[in-house]
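First comes the structure, then the notes that go with it.
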Amino acid sequence: MNYTTISVTKENLYATIQFQRTEVLNALNMQLMQELVDALETLDKDDEVRAIILTGNEKAFAAGADIKEMAEASAMDMLNRDQFARWDKIRKIKKPIIAAVSGFALGGGCELVMTCDIVVASETAKFGQPEINIGVMPGAGGTQRLTRAVGKVKAMEIVLTGKIFSAQEALQWGLINKVVPVEYYLKEAKNIAKEIASKPPIAVRLAKEAILKSFDTTIESGLEFERKNFYLLFASDDQKEGMKAFVEKRKAEWKGK
Ligand code: CAA
């Protein structure tokens, strides 16, 4: 697939996907989302990639779903397009996804951030779920993931007032991992990607899977799921190598097998 709304670059075992609709603050239209899902699924199968960064530019990560594309749609158009179903595919990506956020991350942009696994933001990042201001509500996970991340009362405040909040507030509320000066947000995301890429990939994959499982299961079955993934890792060469290297006091060499 030739991409026109995103670019993909690969370096040192990680890849960066950058949104390229700068003229509309990276509004997430259907084409961009289609290209994003295609790129993520391709990178998920690529052995040379062990972590993926999603980013926009200094002014905007993404200012939400494309309002102009939806403005005249009927409920049946929305149902038939079912455009947010595409977002479920992002949740199924097995490799870690790191969001590098600067500027606006609003509506679907904020929801996309919440779909990522680790989030680095610049001091100038602005988050929010402003859908209420245009007569709708979050439709791509905002009422669910936000509530799980920040709790009921804060989620109510954010969604019902549509207010924009700062990177510092997002950090304080547990929505993001780190806030850095604007000149470093992408660099810091790359540092994290490199660090994860240096770990044994199967253990990374099964650990991510187990953490995500905690969102839709009871503690009992979540613990069982975790235990089985832990046991499964004993079928990998990397477990043998990792523990042997520890005993022999040397650096492990991961094969990803
Ligand atoms: N969809 C389509 N176009 C958008 C857009 C969006 N979400 N956000 C910005 N743009 C466009 C603007 O229309 C403008 O285009 P033109 O130059 O052709 O007029 C361009 O991007 C620049 O935007 P502004 O001139 O508005 O820039 P600003 O700096 O004055 O304001 C802003 C920035 C506060 C982010 C403002 O653009 C804004 O409020 N955007 C909409 C945010 C929003 O409501 N997002 C939620 C969308 S709905 C959703 O996401 C549903 C869901 O749950 C998935």
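Note: hydrogens, waters and symmetry copies are ignored here, and every other heavy atom, side chains too, is used. When a ligand or atom number is given, it counts from 1 through the structure's own listing order.
Judged purely by atom type and a 3.5 angstrom limit, D238 uses its side chain to pair as donor or acceptor with the backbone of K255.
With a 4.0 Å cut-off on non-hydrogen atoms, A65 touches ligand 1 through its backbone as well as its side chain.
When the heavy-atom distances from atom 8 (N) of ligand 1 to A63, G108, G109, A140 are ranked, the shortest goes to A63. Scanning L28, I67, V24, I132 for the heavy atom closest to atom 9 (C) of ligand 1 points to V24. If you check each of K59, E69, M137, K68 against atom 13 (O) of ligand 1, the one with the closest non-hydrogen atom is K68.
Look at K126 and you'll find every heavy atom at least 4.0 Å from all atoms of ligand 1. Ligand 1 does not have G142 within reach: every non-hydrogen atom of the residue lies 4.0 Å or more from it.
Within ligand 1, the atoms closer than 4.0 Å to a non-hydrogen atom of G107 are 46 (C), 50 (O), numbered from 1 in the order shown. Taking a cut-off of under 4.0 Å to the non-hydrogen atoms of E23, the atoms of ligand 1 that pass are 20 (C), 21 (O). Within ligand 1, the atoms closer than 4.0 Å to a non-hydrogen atom of P138 are 53 (O), numbered from 1 in the order shown. Atoms of ligand 1 found under 4.0 Å from any heavy atom of P130, numbered from 1 in the order shown, are 43 (C), 44 (O), 45 (N). For ligand 1, the atoms sitting less than 4.0 Å from at least one non-hydrogen atom of L106 are 35 (C), numbered in the order shown with element in parentheses. Residue contact check: E111 has heavy atoms under 4.0 Å from atoms 52 (C), 53 (O), 54 (C) of ligand 1. For ligand 1, the atoms lying closer than 4.0 Å to a non-hydrogen atom of G139 are 52 (C), 53 (O).
Ring centroid separation for the pair F19 and F61 comes in under the 6.0 Å cut-off.
In this structure, atom 31 (O) of ligand 1 has no protein heavy-atom contact shorter than 4.0 Å.
Checked against ring pair (Phe, Tyr, Trp, His ring centres under 6.0 Å), W173 has the following partners two or more places apart in sequence or in another chain: F165. Considering only residues two or more places apart in sequence or on other chains, F234 meets the ring pair (Phe, Tyr, Trp, His ring centres under 6.0 Å) condition with F230.
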